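Source: prediction; values computed, not measured.
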Amino acid sequence: MNMNEKYDYRESVISLLGSTGSIGTQTLDVARRLGLRVAALAARRNIDLLEQQIREFKPSMVAVMEHDAAEKLRIAVADLPVRVTEGMEGFEEAAALEEATVTVNAVVGMVGLRPTLAAIEAGKRIALANKETLVAGGALVMKRAKERGVDIIPVDSEHSAIFQCLQGSPYSAFQRIILTASGGPFRGWSREQLVGVKKEQALKHPNWSMGAKITIDSATLMNKGLEVIEAAWLFGKGVDDIDVVVHRESIIHSAVEFCDRSVIAQLGLPDMKIPIQYAISYPERAPSDERRLDLFEIGELHFEKPDTDAFRCLAICKEAMRRGGLVPAAVNGANEAAVALFLQDKIEFLDIAELVGEAMERQKHTGEYTLQDVLEADAEARRFASKA
């Protein structure tokens with residue numbers, strides 16, 4: 001990450017992809033509080049909320065993924081001077097919008113990869129909340145970001161914590177990442193107890209309010225597996241230098257260990273607006289009116305090893321990253337398809353990990369790859385999961 005250029009967050013102009021989702025709406029809360037201009041918004045289909053956002057923030061352009069939704073929005077905002085684009089081309093245009101200085105990528109899934117690359121080509125600072133970008137195309141993204149001198153600042157609470165812990169310390173002394181996980185709604189459950197669980201149970205996360213896909217990923221620990229891969233790319237560590245610790249309170253968001261065995265952790269109440277704001281304001285810290293952490297109120301912090309027999313997705317993701325190449329892309333694509341099937345009540349909870357594991361074994365490409373290779377591997381893994 002190239003942080004050498006002078007940066008004043010008060011002059012930031014935001015392009016926000018995924019504006020109607022959980023991270024997107026909280027990003028707009030941050031923009032509202034800091035008085036920042038929003039130049040572009042992008043969403044898949046939630047037109048009613050998107051219209052409200054347009055009327056409040058007055059962006060110059062909006063992108064909608066689905067054609068019918070875009071047509072509906074054009075009619076709804078015909079009285080406003082906003083240009084409505086659609087499809088992946090619209091998302092890429094929004095990500096690279098000339099007047100924007102920061103692209104916040106808060107979309108869920110592989111749909112975030114191409115807009116991230118477009119933002120890199122346009123030289124934007126990227127506040128990245130779309131982990132699939134690095135899971136599927138990490139080699140492409142990080143190589144191009146380095147070539148273009150583009151800053152990629154993590155928004156996920158865990159990766160933001162790692163990023164914050166590294167400030168002021170020599171990178172050469174950084175040895176290990178301690179990545180915390182809440183454990184999701186089924187923390188402590190055995191594999192036998194997970195047989196037959198329903199989506200209504202899986203969608204009840206104990207600590208975080210997130211979209212359906214990410215919440216299911218948290219329940220399977222797939223989300224943590226994806227975060228391991230993301231952390232490996234962001235911070236240049238192998239997966240065997242990244243330890244996952246189940247920490248049910250979600251107060252320690254992650255920690256790093258240095259060569260002298262010192263460990264620095266970042267703590268805070270579960271609140272995504274804090275890492276979102278830090279990604280926009282870095283290297284400064286903007287004031288916040290969020291609730292303070294009261295350690296007396298918390299009282300105790302607990303730590304456990306993850307059960308990779310009951311929650312296989314975590315181990316599968318680590319192995320996929322060890323194999324490299326297109327294997328992580330296949331794992332991610334199969335998971336997205338499997339989660340969609342689970343949410344439609346077409347497969348069982350434990351079937352998600354089975355399909356992800358089989359997709360990993362099917363993908364043999366472990367060398368260098370192109371964007372087209374990634375897209376094809378993703379599509380093939382989705383087809384396999386859907387048919388299987």
Side-chain angles (χ1 to χ4, degrees), residues 8-87 89-108 111-112 115 118-119 122 124-130 153 155 208-212 214 271-282 284 286-291:
D8 185 349
Y9 75 86
R10 299 163 194 83
E11 299 175 358
S12 298
V13 179
I14 295 172
S15 173
L16 174 57
L17 314 181
S19 68
T20 59
S22 175
I23 299 298
T25 55
Q26 291 179 86
T27 299
L28 291 176
D29 288 340
V30 170
R32 190 181 293 114
R33 180 167 63 207
L34 298 181
L36 303 181
R37 188 160 76 87
V38 179
L41 297 170
R44 291 201 183 194
R45 66 181 71 87
N46 190 343
I47 297 308
D48 293 338
L49 178 55
L50 186 55
E51 181 187 351
Q52 294 175 31
Q53 294 172 346
I54 294 168
R55 293 189 180 279
E56 177 181 358
F57 290 94
K58 299 177 175 56
S60 60
M61 75 157 290
V62 175
V64 181
M65 186 59 71
E66 298 181 1
H67 172 72
D68 291 345
E71 287 293 287
K72 180 181 176 183
L73 183 65
R74 288 188 181 100
I75 295 170
V77 297
D79 60 314
L80 298 175
V82 59
R83 183 166 56 89
V84 179
T85 63
E86 61 185 77
E89 293 75 14
F91 270 56
E92 291 177 294
E93 183 182 348
L97 189 67
E98 184 175 358
E99 61 191 289
T101 60
V102 181
T103 298
V104 180
N105 189 341
V107 300
V108 176
V111 70
K124 307 299 180 185
R125 167 184 282 219
I126 299 171
L128 187 65
N130 173 254
I153 315 293
V155 168
W208 297 96
S209 175
M210 305 177 290
I214 298 177
D271 185 343
M272 282 305 303
K273 287 193 284 293
I274 294 173
I276 291 168
Q277 178 171 292
Y278 189 68
I280 294 171
S281 69
Y282 178 84
E284 295 186 60
S288 170
D289 56 6
E290 303 303 324
R291 193 159 66 94

Any residue meeting side-chain contact (heavy atoms from CB on, under 4.5 Å) with S288, in chain and number order, not counting sequence neighbours: R33, Q277, E290

Nearest heavy-atom neighbours spanning P115 and L17: CB-CD1, 3.6 Å

Under 3.5 Å donor-acceptor, N105 side chain and G112 backbone: yes

By salt bridge (charged side-chain N to carboxylate O under 4.0 Å, His left out) - contacts of D79 (at least two apart): R55

Under the side-chain contact (heavy atoms from CB on, under 4.5 Å) test, residues paired with N46 that sit two or more places apart: T20, D48, L49

Polar side-chain atom of T85 near backbone of V62 as donor-acceptor pair, under 3.5 Å: yes

Contacts of R83 that satisfy side chain to side chain donor-acceptor pair (under 3.5 Å) - sequence neighbours left out: E93

Partner residues of R291 under the side chain to side chain donor-acceptor pair (under 3.5 Å) criterion, sequence neighbours left out: none

Counterpart residues, side-chain contact (heavy atoms from CB on, under 4.5 Å), relative to A70 (two or more places apart): V64, R74, V84, E86

By side-chain contact (heavy atoms from CB on, under 4.5 Å) - contacts of V13 (at least two apart): R37, A39, T101

With D29 via salt bridge (charged side-chain N to carboxylate O under 4.0 Å, His left out) - residues at least two apart: R32

Side-chain (Q26) to main-chain (I276) donor-acceptor, under 3.5 angstrom: no

L28 side, atom CG; F57 side, atom CZ - distance, nearest 0.5 Å: 4.5 Å

Under the side chain to side chain donor-acceptor pair (under 3.5 Å) test, residues paired with S281 that sit two or more places apart: none

For F91, ring pair (Phe, Tyr, Trp, His ring centres under 6.0 Å) partners two or more places apart: none

Counterpart residues, salt bridge (charged side-chain N to carboxylate O under 4.0 Å, His left out), relative to E98 (two or more places apart): none

All side chain to side chain donor-acceptor pair (under 3.5 Å) counterparts of E284, not counting sequence neighbours: R10

Any donor-acceptor N/O pair, K124 side chain to L97 backbone, under 3.5 Å: yes

